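Keep in mind that what you see is a predicted model, and the values were worked out from it rather than measured. Order of listing sets the numbers, starting from 1, for every ligand and every atom in it.
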Amino acid sequence: MDLVIRNATLPDHTRADIAISGDKIAAIGTDLAMKGRQEIDANGDLVAPPFVDAHFHMDSTLSHGQPRVNQSGTLLEGIALWGELKPLLAQEALIERAMQYCDWAAARGLLAIRSHVDVCDDRLLAVEALLEVKRRVAPYLDLQLVAFPQDGLLRSPTAFDNLKRAIAMGVDVVGGIPHFERTMAEGAESVRLLCEFAADKGLRVDMHCDESDDPMSRHIETLAYHANRLGLHGRVAGSHLTSMHSMDNYYVSKLLPLIAESGVAAIANPLINITLQGRHDTYPKRRGMTRVPELMAAGVDVAFGHDCVMDPWYGMGSGDMLEVAHMGLHVAQMTSQEAMRACFDAVTETPARILGLEGYGLQAGCYADLVILDAGSAIEAIRLRAPRRYVLRRGRVISRSPAARAELNLPGRPEQVDFRLGQ
Ligand code: FE2
């Protein structure tokens with residue numbers, strides 16, 4: 001074997017050794033007899049498949065403050081600010097920002113990202129730039145691109161043509177933003193047009209859908225309807241779905257089984273939803289994240305996405321999907337043992353399924369893409385936003401980080417603090 005990782009704790013709490021040959025996992029099980037040319041003793045630390053971000057905007061990331069900061073911190077000022085920045089974008093600068101973010105991602109064990117790319121700039125400069133980034137990072141990070149008509153498919157006169165051009169250039173997924181169209185009817189029409197286009201081309205769909213506190217924003221119903229009608233089960237995702245937070249409970253009791261039946265996945269973005277929604281409320285203020293545990297209970301795949309890092313909408317973040325899971329756990333009150341573990345799945349296995357990643361996972365035959373964390377369990381990893389001791393891509397260590405320990409100088413107390421309890 002090229003590499004054997006000993007004494008790993010897996011996300012399901014079992015112990016195992018992991019043997020790696022070339023770029024694949026050759027065997028995984030207890031007390032493997034095979035020897036590795038290189039061995040790593042995980043010493044009971046968590047070993048997981050890499051983090052996956054199902055919802056991101058790499059064209060705007062790390063642009064915070066350009067050309068000015070978002071004074072109100074609201075979604076609409078963010079969209080307006082992005083509109084100011086778009087004509088000023090330069091390809092090399094955009095590539096450089098995205099590459100820097102991918103460095104952060106790799107160091108955090110985040111090795112697959114689905115990024116929306118705005119196609120409402122007739123130059124398609126961001127599309128060209130991110131296709132170049134996708135090519136450059138391919139050896140260590142799977143970047144999947146979504147053609148995103150930020151200014152509205154029907155509201156922006158050239159958006160649909162631009163979206164088709166972007167797909168022809170190599171963008172992977174069809175995006176949309178029905179709640180931003182001029183009317184509910186045009187929103188529904190945009191969903192129909194985009195789903196039919198995707199079905200015709202054999203592509204996946206991921207729409208910004210109902211990113212609003214308006215309980216009457218019901219485009220998810222239309223998205224589920226067309227996914228079902230066109231046989232797109234398992235290939236469509238609704239991102240955000242924040243209006244579901246404010247919807248009437250009776251209506252949601254009808255909606256949840258419709259979403260499950262259509263095989264549409266949900267992608268919540270807890271860091272962004274908790275900061276951008278509920279902004280027109282006084283008190284009580286709504287949380288504005290979609291109904292994550294209820295969707296999961298209905299059998300819907302639910303992932304947590306990062307959405308933004310240091311851009312017109314959000315001046316925080318560092319590519320850490322454990323921070324995303326941590327916020328999602330709190331906002332959704334997912335504090336049972338099972339629910340906390342589900343929050344870990346929402347930034348690993350579930351988004352991998354939504355993206356359709358091949359060879360992802362912890363079985364023999366999967367790619368040897370692994371993260372060894374400074375934590376004893378998936379729940380502890382979330383609690384500590386644990387350092388990634390080792391990040392492996394295709395069997396090769398691509399990043400290392402020190403464990404989180406503090407030197408202590410207190411009378412009668414240990415000299416070193418370890419925040420782990422192993423649970
Ligand atoms: Fe987004």
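- Both tests do not hold together for K254 against Y251: distance to the six-membered ring centre under 6.0 Å, angle to the ring axis within 45°.
- Under the 6.0 Å cut-off for aromatic ring centres, H219 and H226 do not qualify, their centroids lying 6.0 Å or more apart.
- A cation-pi arrangement is not found for R114 relative to F56, the charged atom failing to lie both closer than 6.0 Å to the ring centre and inside a 45° cone about the ring normal.
- For the pair R108 and F51, the cation-pi criterion (under 6.0 Å, within 45° of the ring axis) is not fulfilled.
- For the Fe ion (ligand 1), protein N/O/S neighbours under 2.8 Å (waters excluded) are H55 NE2, H57 NE2, H208 NE2, D307 OD1.
- Here H116 and H55 bring their ring centres to under 6.0 angstrom of each other.
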Name the atoms and distances for all side-chain donor-acceptor pairs under 3.5 Å in residues 358-366, with sequence neighbours left out.
{"from": "Y360", "atom 1": "OH", "to": "P50", "atom 2": "O", "distance (Å)": "2.6"}
{"from": "Y360", "atom 1": "OH", "to": "T348", "atom 2": "O", "distance (Å)": "3.4"}

